[in-house]
**Student:** 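Before anything else, here's the structure in question.
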Amino acid sequence: MHISITESSAEPLHRQIYSQVRSYILSGKIGEGEPLQSIRKQAKELRVSVITVKKAYETLEAEGLIYARVGKGYFVNKISDSSKENMALDDLESAVSPLIDKALSEGINKSKILETLKNILESK
């Protein structure tokens, strides 16, 4: 698992770490029971504070994506494929909904929005 952070990003460092680890888990690139890099090692590698990594891991733990074992570290939780998909779809909806609202308020009709979304998907 490779995490890359950008100091100049508007997104806080702990959110960048959280988002990337979350993507690895939801995509299945890291699976059930796999250990995450220790907080200290991850902090050293990314050149951030231990608190930054801890905050990211705690957020993942609060979501139920990982769990801590005292003295052992953090591990990926068992998550069904449907739960992973639902989490990803919830994120998609949260990200896209405000953009659709904005487009509608600017006078773009629903069929044009749908056509635009289809074109974007087809280009991927």
Side-chain angles (χ1 to χ4, degrees):
M1 175 175 68
H2 173 73
I3 296 174
S4 113
I5 56 171
T6 307
E7 297 274 341
S8 60
S9 173
E11 185 177 33
L13 296 174
H14 72 277
R15 291 297 297 182
Q16 291 180 51
I17 296 165
Y18 157 81
S19 296
Q20 291 176 54
V21 174
R22 188 176 193 274
S23 291
Y24 277 106
I25 293 169
L26 294 182
S27 69
K29 291 178 182 169
I30 55 175
E32 175 188 346
E34 288 190 50
L36 297 184
Q37 198 165 46
S38 77
I39 290 174
R40 281 187 170 75
K41 189 172 181 182
Q42 188 70 266
K44 185 176 181 181
E45 188 176 291
L46 295 173
R47 296 184 175 158
V48 298
S49 79
V50 168
I51 295 167
T52 300
V53 177
K54 184 168 177 51
K55 197 171 184 181
Y57 282 15
E58 286 173 344
T59 305
L60 290 162
E61 186 176 24
E63 275 191 66
L65 293 173
I66 64 173
Y67 62 94
R69 291 183 61 196
V70 178
K72 301 281 186 183
Y74 287 89
F75 299 84
V76 177
N77 238 338
K78 180 178 182 173
I79 308 156
S80 70
D81 288 341
S82 63
S83 290
K84 288 179 186 179
E85 183 178 55
N86 288 336
M87 292 174 95
L89 287 171
D90 287 346
D91 283 353
L92 175 63
E93 187 175 330
S94 294
V96 173
S97 189
L99 298 173
I100 291 173
D101 290 344
K102 185 176 187 283
L104 290 168
S105 73
E106 293 176 351
I108 300 173
N109 66 43
K110 290 178 182 181
S111 63
K112 198 65 165 170
I113 293 170
L114 189 56
E115 179 184 330
T116 302
L117 290 172
K118 284 180 182 177
N119 288 338
I120 292 168
L121 279 172
E122 288 171 4
S123 72
K124 300 291 177 189

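Worth knowing before you read on, the calculation uses all heavy atoms, side chains too, and leaves out hydrogens, waters and symmetry mates. Remember, it's a predicted structure, so these values are computed and weren't measured experimentally.
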**Student:** When you group the ILVMFWY residues by side-chain heavy-atom contacts below 4.5 Å and let the links chain together, are Ile17 and Phe75 in the same group?
**Tutor:** no

**Student:** Find the distance between CD1 (Ile100) and CG (Leu114) and round it off to the nearest 0.5 Å.
**Tutor:**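 So the gap between those two atoms works out to 9.0 Å.
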
**Student:** Begin with the C-alpha distance, continue with both residues' side-chain angles, and end with the deciding distance and a verdict on side-chain contact (heavy atoms from CB on, under 4.5 Å) for Gln42 and Tyr57.
**Tutor:** CA-CA 11 Å; Gln42 188 70 266; Tyr57 282 15; 3.6 Å; yes

**Student:** Only one of Ile66, Thr59, Asp91 passes side chain to side chain contact (heavy atoms under 4.5 Å, CB included) with Arg22; say which it is.
**Tutor:**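 Exactly one candidate clears the test, Asp91.
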
**Student:** Using the side-chain contact (heavy atoms from CB on, under 4.5 Å) rule, take Glu58 and Tyr18 through it: C-alpha gap first, then chi angles, then the decisive distance, then the call.
**Tutor:** CA-CA 9 Å; Glu58 286 173 344; Tyr18 157 81; over 6 Å; no

**Student:** Indicate, with yes or no, if Leu92 and Leu26 share a hydrophobic cluster defined by side-chain heavy-atom contacts under 4.5 Å among Ile, Leu, Val, Met, Phe, Trp and Tyr.
**Tutor:** no

**Student:** Drop me the distance from Leu36's CG to Leu60's CG, to the nearest 0.5 angstrom.
**Tutor:**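 That separation rounds to 7.5 Å.
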
**Student:** Answer yes or no: is there a donor N or O on one side and an acceptor on the other, between the side chain of Thr6 and the main chain of Ser9, under 3.5 Å?
**Tutor:** no

**Student:** Starting at CE of Met87, measure out to CD of Glu63 and round the result to the nearest 0.5 Å.
**Tutor:**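 Answer rounded to 0.5 Å: 4.0 Å.
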
**Student:** According to a hydrophobic-cluster definition based on side-chain heavy atoms being under 4.5 Å apart (Ile, Leu, Val, Met, Phe, Trp, Tyr only), do Val50 and Ile3 belong together?
**Tutor:** yes

**Student:** Does atom CD1 of Ile51 have more than 12 heavy-atom neighbours, drawn from other residues, nucleotides or ligands, at distances under 6.0 Å?
**Tutor:**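 Result for CD1/Ile51: open.
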
**Student:** Does the distance from a Lys or Arg side-chain N to an Asp or Glu carboxylate O, for Lys102 and Glu106, drop under 4.0 Å?
**Tutor:** yes

**Student:** Do Tyr67 and Ile79 sit in the same hydrophobic cluster, where Ile, Leu, Val, Met, Phe, Trp and Tyr count as joined when their side-chain heavy atoms come under 4.5 Å apart?
**Tutor:** no

**Student:** Can you tell me how far the CD1 atom of Ile113 sits from the CD1 atom of Ile108, to the nearest 0.5 Å?
**Tutor:**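 So the CD1 of Ile113 and the CD1 of Ile108 are separated by 6.0 Å.
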
**Student:** Would you confirm whether Gln16, through its side chain, and Glu11, through its main-chain N or O, come within 3.5 Å as a donor-acceptor pair?
**Tutor:**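 Yes, the answer is positive, given that a donor and an acceptor are paired below the 3.5 Å cut-off.
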
**Student:** As an exercise, state the distance from CD of Glu115 to NZ of Lys118, rounded to the nearest 0.5 Å.
**Tutor:**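 If I round to the nearest 0.5 Å, the distance is 8.5 Å.
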
**Student:** So which heavy atom on Ile120 is nearest to which on Ser123, and how close?
**Tutor:** O-OG, 2.7 Å

**Student:** Just do the side-chain contact (heavy atoms from CB on, under 4.5 Å) check on Ile5 and Leu13 with the steps written out, would you?
**Tutor:** CA-CA 7 Å; Ile5 56 171; Leu13 296 174; 3.9 Å; yes

**Student:** Assess whether atom NZ of Lys54 is packed by more than 12 heavy atoms of other residues, nucleotides or ligands within 6.0 Å.
**Tutor:** no

**Student:** Decide yes or no on side-chain hydrogen bond (donor to acceptor under 3.5 Å, both in side chains) for Ser80 and Ser82, but give the supporting numbers first.
**Tutor:** CA-CA 5 Å; Ser80 70; Ser82 63; 3.2 Å; yes

**Student:** The test is side-chain contact (heavy atoms from CB on, under 4.5 Å); show your working for Tyr24 and His2 and say whether it passes.
**Tutor:** CA-CA 9 Å; Tyr24 277 106; His2 173 73; 4.0 Å; yes

**Student:** Which value, rounded to the nearest 0.5 Å, describes the distance between Glu45 atom CD and Arg40 atom CZ?
**Tutor:** 16.0 Å

**Student:** According to a hydrophobic-cluster definition based on side-chain heavy atoms being under 4.5 Å apart (Ile, Leu, Val, Met, Phe, Trp, Tyr only), do Leu46 and Met1 belong together?
**Tutor:** yes

